[in-house]
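To find a chain, count down the sequence lines: A is the first, B the second, and so on, and within it residues start at 1. Atoms considered below: every heavy atom in the structure, side chains included; atoms not considered: hydrogens, waters and symmetry mates.
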There are 2 protein chains.
Amino acid sequence: MRRKTETKRDAILNAATLEFTERGYEGASISAIVGRLGASKQTLYRYFPSKDELFVEVMARIIDRHVTTPREDLEDTADVPGSLQRHGERYLKIRLSPEMVSLARLVFGESGRSDVSRLLHPRGKLKVAKDIGRFLTAAMEEGRLRVADPAVAALHYLALLDAELFEPVVLRVREPAANDEIAAAVDRAVDAFLAGYGREGKHA
Amino acid sequence: MRRKTETKRDAILNAATLEFTERGYEGASISAIVGRLGASKQTLYRYFPSKDELFVEVMARIIDRHVTTPREDLEDTADVPGSLQRHGERYLKIRLSPEMVSLARLVFGESGRSDVSRLLHPRGKLKVAKDIGRFLTAAMEEGRLRVADPAVAALHYLALLDAELFEPVVLRVREPAANDEIAAAVDRAVDAFLAGYGREGKHA
DNA sequence: CCAATGTTAGACCGTACGGTACGGTTTGAC
DNA sequence: GTCAAACCGTACCGTACGGTCTAACATTGG
C-alpha cells in the first residue's frame, strides 16, 4: 500500500482524540488508541514520534476546528447588542460542546505538567479576545460604547458569558446546558455588560 | 498500645498534598508520598484505604483551609464599593495562591474521571457565591443596588474578578500575579460590576 | 511476477504503579 | 517488664504502560 498517508493520519488523530478526551493524558493508552481503529502500534509510531507529540496535535486540532467559527457575528457595529447576543450564543454553544468541555479539562489538568497550554492559548482564547477587542474598539470610536480599555472590556465580556454555565458544566455539577438556557444566560451577560459599558443612560 | 494518630495523619496528608499538587492524580505515586516523610506504605494504608480516598481528603482540606477566610468583608452594606473591593482583593489573592491554582488544575483535570468535583463544589465556589448573594440581596433591599436576581449577580461578580488573571495564571501563560496587579484588576472588575448593577446614574 | 513499501498482530523489554506481606524494631499502656 | 499495637524497610505480586521489534500479509509501480 504505497498510497498516501493523510487519511490514515486523520484516522489516528480521531481515535486519539476520543481516547484523550475520555481518559485524560495519563489515562489514555496507545494500545487503546490503535485498538479503536484496528491499527497497529507500529503504524501509529510511523506517523507520530511519541505520545506527547500526538497529544499536542490532537489538542491543536480541536482548537482550530472550533475557534474560527464565530467571527462573522462581530461586524455590525451599528447594532452592538444584537451582535453581542448573536456572537455570545454561538460562542457559548461551542464552548459548552462536549468536545470543548473535554478540551478544557485536558488543558487545565495538564497545564501544570506540560507546556501545551502555552502553545494553545494564542490560538484559542487570546484570538477570540482580540476579535472582541477590535469590535469593541470600533464601537467605542463610533460612540456606541463608553470609552474604556478594550482589552479589559473584552475579557470582562467573555467572563460574563462563562459566569453561569461554564464551570458547572465542566465540573459536571449540573447536566449539559440546553440551547434555551444558553440563550438566556447570554442575554443576562450581554445586559450586564452593556449596562456597565454602554453609553450613560442607555441600555440594551 | 502505641499512642495517638492525628499528627501522623496530618503528616501524610501534607506530603500527599505536595505530591498531588505537583504531579496530578495519576502522576502522583504512593511510594513518592511515603518517601517524602520517611514513612512506609503500610503505615499510609493504615490511615487511608486507597489512593482515591486519600486524594479526596487532600482536596477537601485545601478547600476548607482557604475558602472560609474572606467572609467578614461582606457585612458593611453601607459601603458597597469598599466592601466589594476589600472582599475581591482577599478572594482573588487566595484564588491565585499557588495551592489554590494547583487545586484548580486538579479538580478541573479530574472532573471527567472522578466525582471529586461534585463533592467539593458545595464547599467551595457554591459557598462563596451564596455569601455574595446574601450581601447583594441586602444591598438591593436597601436600595444601594439595582434590583436583580442576586444569584446571577453574584456569579457575574465572581466572573469579573476572574476575568483578567485567573486563566492565564492557571495555564501558566503569564507569571504569577503581584499584589498590585491583583488590586488593579479587582478595581476594574468592581467598577464594571457597579456600573452594571449600581443604581441608575450612580457609579462606584 | 517481483521488489518495495505499508500494514497488522502481537511478542517483547524495561519500568513503574497500587497494594500486600513479612520480619524486625520502637513505642506506649498497664 | 510485659505485651500488643504501630512503625519502618523492603521484597513482592499482578498489572499496565510506552515503545521497539519481528514476522506475515497486502498493495502498489514497474
*Asks:* Regarding B/N14 and B/R61, do their side chains bring together a donor and an acceptor under 3.5 Å, going by distance alone?
*Replies:* yes

*Asks:* Please name the pair of heavy atoms, one in B/L165 and one in B/L92, separated by the smallest distance, quoted to 0.1 Å.
*Replies:* CD1-CD2, 4.4 Å

*Asks:* B/Q42 or A/G27: which one's nearest nucleotide on DNA chain D is closer to the 5' end?
*Replies:* B/Q42

*Asks:* What is the separation between atom CZ on B/R46 and atom P on D/dA4, rounded to the nearest whole Å?
*Replies:* 15 Å

*Asks:* Hey, is the side chain of A/K8 poking within less than 4.0 Å of OP1 or OP2 on C/dT8, counting only N and O atoms?
*Replies:* yes

*Asks:* For A/R9 and C/dG6, give me the distance from atom CZ to atom P, rounded to whole Å.
*Replies:* 15 Å

*Asks:* Would you say a side-chain N or O of A/T43 is under 4.0 Å from OP1 or OP2 of C/dT8?
*Replies:* yes

*Asks:* Give A/S29 one of three labels, base, sugar-phosphate or nothing, depending on what nucleic acid heavy atoms sit under 4.0 Å from its own.
*Replies:* sugar-phosphate

*Asks:* What is the nucleic acid contact for A/A32, judged by heavy atoms within less than 4.0 Å: base, sugar-phosphate only, or nothing?
*Replies:* nothing

*Asks:* What is the separation between atom CD1 on A/I30 and atom P on C/dC13, rounded to the nearest whole Å?
*Replies:* 21 Å

*Asks:* Would you kindly give the CD-to-P distance between B/E26 and C/dA16, to the nearest whole Å?
*Replies:* 17 Å

*Asks:* Can you tell me how far P of C/dT20 sits from CZ of B/F48, to the nearest Å?
*Replies:* 15 Å

*Asks:* Nearest heavy atom decides the nucleotide; on that basis, is B/K41 or B/L37 closer to the 5' end of DNA chain D?
*Replies:* B/L37

*Asks:* What verdict does the salt bridge (charged side-chain N to carboxylate O under 4.0 Å, His left out) test give for B/E110 and A/R105, after you've listed the backbone C-alpha separation in whole Å, the side-chain angles of each residue and the deciding distance to 0.1 Å?
*Replies:* CA-CA 7 Å; B/E110 297 303 319; A/R105 293 194 190 116; over 6 Å; no

*Asks:* Strictly below 4.0 Å: does A/Y47 bring a side-chain N or O up to OP1 or OP2 of C/dT7?
*Replies:* yes

*Asks:* Starting at OH of B/Y25 and ending at P of C/dC17, how long is that distance when rounded to a whole Å?
*Replies:* 13 Å

*Asks:* Are A/Y45 and C/dT7 close enough that a side-chain N or O sits under 4.0 Å from OP1 or OP2?
*Replies:* no

*Asks:* Any salt bridge (Lys or Arg N to Asp or Glu O under 4.0 Å) involving residues 26-36 of chain A? Give me the pairs, sequence neighbours left out, ordered by first then second residue.
*Replies:* A/E19-A/R36, A/E22-A/R36

*Asks:* Any donor-acceptor pair, under 3.5 Å, between the side chain of A/K51 and the base of D/dG18, if you only look at N and O atoms?
*Replies:* no

*Asks:* For A/L44 and C/dG6, what is the distance between atoms CG and P respectively, to the nearest whole Å?
*Replies:* 16 Å

*Asks:* Got a donor-acceptor contact below 3.5 angstrom from the B/K130 side chain to the B/K125 backbone?
*Replies:* no

*Asks:* Distance check needed: C/dG6 P versus A/E6 CD, whole Å only.
*Replies:* 15 Å

